[in-house]
J.: 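What follows is a structure written as structure tokens; I'll ask about it next.
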Amino acid sequence: MGMAAAEWKFHVLAVDDSLVDRKLIERLLQKSSCQVTTVDSGYKALEFLGLRQGIESNDPTALSTSPQEVEVNLIITDYCMPGMTGYDLLKKLKESSVFKNIPVVIMSSENVPARISRCLEEGAEEFFLKPVRLADLNKLKPHMMRTKLKNQKLEEIENGTEAVEPEIKGSEDMGIKILPLQSELEPKQVHLQVVKQEEETLSNNKRKSMEEGLSTDRPLPRLEGGIATAV
Amino acid sequence: MNTVVVAQLQRQFQEYLVSLYQQGFLDNQFTELRKLQDEGTPDFVAEVVSLFFDDCSKLINSMSRSLGRPESVDFKQVDSGVHQLKGSSSSVGARRVKNVCISFKECCDVQNREGCLRCLQQVDYEYKMLKTKLEDLFNLEQQILQAGGTIPQININ
């Protein structure tokens with residue numbers, strides 16, 4: 001795998017049969033500094049992910065996986081779609097051993113409590129009422145961070161490179177500012193506010209990397225462009 | 001750059017935009033759309049509303065066909081059309097269009113063909129009206145830019 005900047009950008013697959021809504025969600029996600037792929041149906045979503053289960057092949061149990069340049073970190077899908085609903089898509093993803101860990105967010109223009117709880121019970125991370133706004137996407141930041149850190153960790157272990165870990169503050173400090181690596185520096189995006197539960201993930205990472213003999217006590221890198229943040 | 005002209009145009013733009021909200025053509029969601037536009041995507045709002053108007057035209061035509069013959073109205077198809085129209089109008093902040101869709105859905109639910117036809121006519125009127133209004137708004141934007149000014153970000157309460 002190359003160390004392209006795009007690799008570290010959070011990649012979202014957005015599914016919606018409405019062209020207007022696809023354009024909107026694409027822009028919202030771009031504005032939130034995500035890489036976006038949009039498709040207009042659940043089938044196309046599964047195809048993109050490389051998960052084809054006998055929809056077109058002769059063998060009904062065949063699971064073909066196509067190599068992807070960039071992996072998908074989150075799937076956001078409309079609920080009401082012809083053919084395969086967002087709920088159907090959610091189910092298929094959660095049934096897949098390969099894709100069940102990708103967080104899924106459902107969007108709907110209708111506020112139906114039974115629908116919402118059904119989706120959450122099936123494993124959806126969030127349920128957004130349309131029209132989705134920038135403020136809603138901020139709720140996705142913890143998911144992004146969790147995946148990013150996990151991928152980062154995996155990459156480091158594979159390559160044997162040392163971790164540049166943020167310093168963990170005391171427990172009174174509810175927020176952690178995690179600065180991106182030099183390679184993923186974007187002109188406008190710098191800060192990501194991480195909720196308290198992420199502290200635990202980081203602590204685990206720190207502990208794990210300590211166990212593996214990697215150094216974790218590093219000062220944060222000074223970013224170019226004079227973007228300074230006190231930690 | 002003639003700052004007096006720019007200021008005048010900006011004020012005209014602001015007043016016009018505010019009037020569209022006050023008259024109920026637009027709601028908060030339009031404000032959200034404008035927030036998503038920046039120097040890198042200066043045509044975002046115009047593009048999205050253009051797609052919306054295309055949508056309106058297509059859906060109105062197909063619903064009109066479905067409602068065409070009194071003895072064989074496909075209410076399911078009409079309902080689907082209304083649902084889509086309501087969704088996209090809501091997504092762009094087209095308040096009046098959205099509100100007609102709410103009434104439209106009610107007529108559809110009780111299979112009231114006459115009511116549906118009235119709503120169809122109304123939704124057609126509303127989207128075309130909004131289209132004209134927004135064309136005027138975008139024209140003002142262009143004039144500001146051509147005069148060397150910037151388009152004001154306006155907070156609508």
J.: Students often mix this up, so state it plainly: with edges at 30° and 60°, are the rings of His11(A) and Phe48(A) parallel, tilted or perpendicular?
T.: perpendicular
J.: Among Val132(A), Leu134(A), Leu19(A), Leu24(A), which has the most heavy-atom pairs under 4.5 Å with chain B?
T.: Leu24(A)
J.: For Gln30(A), which atoms come within 4.5 Å of any heavy atom of chain B: side chain, backbone, both, or neither?
T.: neither
J.: Please determine whether the number of non-hydrogen atoms from other residues, nucleotides or ligands lying under 6.0 Å from atom CD of Gln23(B) exceeds 12.
T.: yes
J.: Does any heavy atom of chain A fall under 4.5 Å from the side chain of Phe52(B), the backbone, both, or neither of them?
T.: both
J.: Name the region of Val49(B), side chain, backbone, both or neither, that has any atom closer than 4.5 Å to a heavy atom of chain A.
T.: neither
J.: Do Asn2(B) side-chain atoms and Val5(B) backbone N/O form a donor-acceptor pair below 3.5 Å?
T.: yes
J.: Using modelled atom types only, decide if a donor and an acceptor are shared between the side chain of Gln29(B) and the backbone of Ser91(B) within a distance under 3.5 Å.
T.: yes
J.: Which bit of Ser80(B) comes within less than 4.5 Å of chain A, counting heavy atoms only: side chain, backbone, both or neither?
T.: neither
J.: Kindly check if the number of other-residue, nucleotide or ligand heavy atoms within 6.0 Å of NZ (Lys23(A)) is above 12?
T.: yes
